[in-house]
2 protein chains.
Amino acid sequence: MSLRMALLGLLEVKGPASGYDLAKSFERSLNHVWQAGHTQIYPELVKMDSDGLIAVQSEGARGRKIYAITQEGMDQLRAWLQDRDPAITIRSEIALQAFLLPLLETRQAIDVLERIRHSFAERLSVLECYPDPETKPNFGRFALKLGLAQTRTGLAWAEECLAELRSRL
Amino acid sequence: MSLRMALLGLLEVKGPASGYDLAKSFERSLNHVWQAGHTQIYPELVKMDSDGLIAVQSEGARGRKIYAITQEGMDQLRAWLQDRDPAITIRSEIALQAFLLPLLETRQAIDVLERIRHSFAERLSVLECYPDPETKPNFGRFALKLGLAQTRTGLAWAEECLAELRSRL
DNA sequence: GCTGCCATGTAAACCGTTACATGATTGG
DNA sequence: CCAATCATGTAACGGTTTACATGGCAGC
């Protein structure tokens, strides 16, 4: 359902697009929020079409189909946004490793945390390349602010834990 | 793989347990880090047994099998912790709704955010019932600190966004 | 003896990833 | 003409959820 809503959102905001366009768009703008590759997107578009949420607006060269959102699609998107109580299913490999950390010797635990710290830092630098939501208010800004805040929190947590572990040596 | 490692971790820390015990344990202690129900746990234990990571230590009433972690299991758990670069696959329904928020009228967006704020608040109150990792250092404390910090960040974010939206009315 | 919780499982459907396959177009 | 990238898809596999099914034990 979420993938479907994400695609409807992109089609509504950015206008008609092909599967390929949507896959690129997904990567660029939604990637810090939801992930999906083209192998998942193409079949989903076919289903959404047959469900009447989107329609083929035109067909270009080499079978390129341009989809547009329908009224039904817009309605369902809004209904989902308004009615759906968001699931908070957490499945974080980082948090799982953090949970299991006490099983290791301090030195090894430090190595693991160092890697975790690095992955937060890397992610943060990716998010910071997006236009700053404070200075450039644009579409995904609420989500981007959340992503930035959560990642900074994760980074600070890793540094704090590292400091504690190092003090034990 | 992660489910497997989570189960190995529980078996190592809490000692031998049945599938049912593990499911309960999962719910109580790992729930803010990784989720799994009994329908996923029972078949996984069978596979782990046949892979030699755990072994049936004893059998109790009504087919209750008590599993214990093997040396091989401990080795694989440590190897995973040390070698596995944690995947950061983000699939957050909350962040997706946040992303799509600008599609709604301000008033409706406020309602949605209010619900999101509530779900962060609820989650925070659950996490705060766990023993405080600062005062009671115990097993899952690193993960719990992360969970608390991330949830507080989410709550603050929701409140900030709400204030901004309300100022637009 | 009935109700509720303990305890274990299976099956189908759904979602997501990885690997494979193919051809068209563009730029050098 | 060759390589890179555009563009679209399928298939197999693995992980997750939901629904179904069953029986034991404890307390009222």
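FYI, side chains are in, hydrogens and waters are out, and symmetry mates aren't considered; it's all heavy atoms of this structure. Lettering follows sequence order; numbering is per chain, from 1.
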Nearest-0.5 Å distance, CG of residue B/L144 to CG of residue B/L127: 6.0 Å

Secondary structure string for DNA chain C (Watson-Crick or G-U under 3.5 angstrom, | for other-strand pairs): ||||||||||||||||||||||||||||

Atom-pair distance (CG on B/D21; C1' on C/dT8), nearest Å: 12 Å

Proximity to the side chain of A/W34 - top-ranked nucleotide from C/dG16, C/dT17, C/dA7: C/dG16

Spacing between B/L45 atom CG and C/dT8 atom C1', to the nearest angstrom: 11 Å

Minimal non-hydrogen separation, A/F139 against B/L103, with atom names: CZ-CG, 4.0 Å

Leading and trailing nucleotides of DNA chain D with any atom under 4.0 Å from heavy atoms of chain B: D/dG15 to D/dC25

Check: B/T151 side chain, B/L124 main-chain N or O, donor-acceptor pair, under 3.5 Å: no

Sugar-phosphate only, base, or nothing, as touched by A/S18 at under 4.0 Å among non-hydrogen atoms: sugar-phosphate

Taking distance alone, no hydrogens or angles, what donor-acceptor pairs closer than 3.5 Å link side-chain atoms of residues 33-43 of chain A to residues at least two apart or in another chain?
unit_1: A/Q35; atom_1: OE1; unit_2: B/I90; atom_2: N; d: 2.7

Distance in angstrom units between A/Y42 OH and C/dA21 P, rounded: 19 Å

Of B/E44 and B/H38, the one whose closest DNA chain D nucleotide lies more 5': B/E44

Backbone of A/R28 reached by a side-chain donor or acceptor of A/Y130 within 3.5 Å: yes

For atom CZ of A/R91 and atom P of C/dC15, their distance in whole Å: 14 Å

Donor + acceptor pair across side chains of B/T153, A/Q150 (<3.5 Å): no

Polar side-chain atom of A/E44 near backbone of A/L7 as donor-acceptor pair, under 3.5 Å: no

Contact nearer the 5' end of DNA chain C, comparing B/V46 with B/T89: B/V46

A/I41 CD1 - C/dT17 P separation (whole Å): 11 Å

Rounded interatomic separation in angstrom, taking CG from B/D49 and P from C/dT8: 14 Å

d(CD, B/Q35; P, C/dC15) in whole Å: 17 Å

Nearest-Å distance for atom pair CD/P, residues B/Q40 and C/dC15: 16 Å

Side chain B/S29, main chain B/F26, donor-acceptor under 3.5 Å: no

Check: B/S18 main-chain N/O paired with B/D21 side-chain donor or acceptor under 3.5 Å: yes

